[in-house]
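Worksheet: one structure, shown below.
Numbering of ligands and ligand atoms starts at 1, following listing order.
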Amino acid sequence: METMIAHPVWQSVALGAHRLRNRLVLPPMASQTGDDTGLVTAATVAHYTRTVRPSQGLAFVEYTTVHPWGRSEPQQLALYTNAHEAGLAQLAALIRRQGVVPGIQLTLAGGKTDATLIGRQATGASALAVPAHGGDLPPPAPLTASEITELMDAFVESALRAERAGFAVIEVHATHGYFFNQWLSPITNQRDDAHGGSLAGRAGLLLGLIRRMKAALQPETVVSVRFAAQDRLPGGLTLEDGVWLAQALEAAGVGLLNVSSGLGGWRRGREQRGEGYLVADAAAMRREVGIPVIGVGGIQTLAYAQTILAQGDVDLIAIGRAMLANPDWPWADAAPVAQQALTV
Ligand SMILES: Cc1cc2nc3c(=O)[nH]c(=O)nc-3n(C[C@H](O)[C@H](O)[C@H](O)COP(=O)(O)O)c2cc1C
């Protein structure tokens with residue numbers, strides 16, 4: 001037991017006004033257990049009862065849409081009405097009961113959805129198909145100025161609902177090819193108005209939203225952004241763009257960075273091999289900012305987690321599929337993780 005306490009993974013850490021009991025994070029992972037209108041169901045409660053454990057310091061509730069146009073899966077959770085609040089409050093409370101700090105990820109699908117699901121043509125920055133699902137998505141309809149305002153208002157309102165529901169960390173999903181990734185990336189944003197052009201133009205919508213959220217939320221509520229340090233696609237966001245963005249997000253008031261993969265989705269590219277296939281990206285961001293950084297991607301062993309913490313590559317470590325496969329992963333040291341599940 002003594003050696004476990006000395007292990008850097010178990011050292012507590014401050015996250016703004018909050019204290020995480022250790023460095024392990026349950027990342028947002030869609031359970032797809034909402035009802036047809038995005039309400040939390042008994043299956044959602046059962047899912048988080050199983051997956052949230054005292055072995056985690058911070059646990060995120062999965063991507064939750066802030067607007068009906070932003071849905072990307074039929075059983076996705078939603079937070080675009082007050083009626084959605086109570087179920088999510090139940091999830092925040094069950095996370096807190098485990099001594100874990102509760103986070104929630106808020107999202108919009110943008111062009112990465114299906115017209116049959118949202119009842120209209122998908123919306124995006126430009127009429128350019130999002131490289132996802134094998135490239136078979138139709139081009140979205142570029143948003144008008146009033147539609148942009150409607151979506152950003154919905155984001156802020158949902159963030160306020162999430163705060164009222166008891167979430168300490170509210171994460172904006174800005175990667176994996178969804179809405180903000182589409183606006184940030186030159187592959188999918190070729191607008192010729194103020195929202196396009198330079199990286200500063202493409203990032204303006206996200207940075208403006210962060211500033212609005214910071215002004216509307218309580219000071220102790222941490223705003224997190226999950227973003228890609230690079231798209232890893234020709235003509236996409238580069239690591240240099242990632243550094244610029246990380247620093248701009250910090251300056252706008254973001255308190256936590258969750259560094260994942262880009263436009264093509266969260267699965268690793270063919271050239272990316274081994275445990276921690278995205279940790280170098282997270283480390284590159286951490287060197288350039290003063291706020292905590294989460295690293296993620298194929299992490300399977302406590303030994304690896306210890307090494308990257310000791311090296312100062314990241315502050316927090318998200319364990320996704322290994323925790324889903326065995327929520328008591330840290331105690332079992334990843335032994336039962338199905339190799340197949342980790343090679344997708
Ligand atoms: C079933 C499943 C659902 C996921 N849903 C989300 C999600 O809602 N939001 C998100 O940002 N990432 C999502 N991801 C990506 C994970 O958060 C994580 O980044 C990814 O699984 C890589 O980490 P791992 O190798 O530890 O599993 C999902 C992953 C899985 C396996």
Side-chain angles (χ1 to χ4, degrees), residues 9 23-34 38 40 43-44 47-48 50-52 55-56 58-66 70-79 88 91 103-110 112-113 132 162 169-182 224-229 232 256-269 272-282 293-302 304-305 308 314 316-327 329-330 334 337-344:
V9 165
R23 307 303 180 105
L24 295 181
V25 177
L26 183 72
M29 283 183 290
S31 66
Q32 293 194 64
T33 53
V40 165
T44 320
H47 173 80
Y48 286 96
R50 186 182 83 83
T51 53
V52 178
S55 56
Q56 299 147 6
L58 170 64
F60 281 97
V61 166
E62 67 205 69
Y63 77 156
T64 298
T65 187
V66 303
R71 294 175 71 205
S72 47
E73 290 180 301
Q75 309 314 131
Q76 188 179 13
L77 298 182
L79 192 44
L88 287 162
L91 300 186
I104 184 168
Q105 185 184 58
L106 299 182
T107 191
L108 284 166
K112 193 175 168 182
T113 188
V169 180
I170 301 178
E171 179 165 281
V172 178
H173 195 351
T175 189
H176 302 170
Y178 291 104
F179 183 89
F180 282 112
N181 200 170
Q182 295 157 26
S224 169
V225 174
R226 193 167 216 200
F227 74 111
R232 284 204 170 77
L256 177 66
L257 294 174
N258 193 347
V259 180
S260 191
S261 42
L263 212 52
W266 59 264
R267 289 173 169 81
R268 76 179 86 190
Q272 291 169 274
R273 297 272 175 264
E275 188 166 24
Y277 55 88
L278 279 169
V279 167
D281 283 3
V293 173
I294 304 178
V296 72
I299 299 170
Q300 304 177 55
T301 62
L302 276 176
Y304 178 82
I308 60 172
V314 295
L316 299 169
I317 297 180
I319 310 288
R321 287 163 291 177
M323 285 275 196
L324 277 187
N326 178 8
W329 170 85
V337 173
Q339 288 304 313
Q340 202 188 355
L342 287 158
T343 52
V344 293

- Task: Please could you name the atoms of ligand 1 that V296 approaches to less than 4.0 Å, counting only its heavy atoms?
- Result: 19 (O), 23 (O)
- Message: Quick check on G297 - does any of its heavy atoms sit under 4.0 Å from an atom of ligand 1?
- Response: yes
- Query: Taking all non-hydrogen atoms of both residues, which atom of V293 and which atom of V259 are closest, and how far apart?
  - Reply: CG1-CG2, 3.9 Å
- Item | Side chain, backbone, both or neither: the part of H173 lying under 4.0 Å from ligand 1 by heavy atom | side chain
- Item | Proximal atoms of ligand 1 relative to P27 (non-hydrogen, under 4.0 Å) | 17 (O)
- Item | Ligand-residue contact atoms, ligand 1 with H176, heavy atoms, under 4.0 Å | 10 (C), 11 (O), 12 (N)
- Message: S55: which residues meet the side-chain hydrogen bond (donor to acceptor under 3.5 Å, both in side chains) condition with it, sequence neighbours left out?
- Response: none
- Message: Taking side chain to side chain contact (heavy atoms under 4.5 Å, CB included) as the definition, give me every residue that meets it alongside A30, ordered by chain and number, with sequence neighbours left out.
- Response: Q32, E62, Y63, E73
- Query: Going by the order shown, which atoms of ligand 1 are within less than 4.0 Å of some heavy atom of Q105?
  - Reply: 7 (C), 8 (O), 9 (N), 10 (C), 11 (O)
- Query: So, is L324 polar-close to ligand 1, with some N/O to N/O distance under 3.5 Å?
  - Reply: no
- Hey, is ligand 1 close enough to A318 that some N/O pair sits below 3.5 Å? no
- Task: Say whether G320, considering both its backbone and side-chain N or O atoms, lies within less than 3.5 Å of an N or O atom on ligand 1.
- Result: yes
- Message: Checking the N or O distance criterion of under 3.5 Å, is ligand 1 in contact with S260?
- Response: no
- Using distance alone, decide if ligand 1 has a nitrogen or oxygen within less than 3.5 Å of any nitrogen or oxygen in Y63. yes
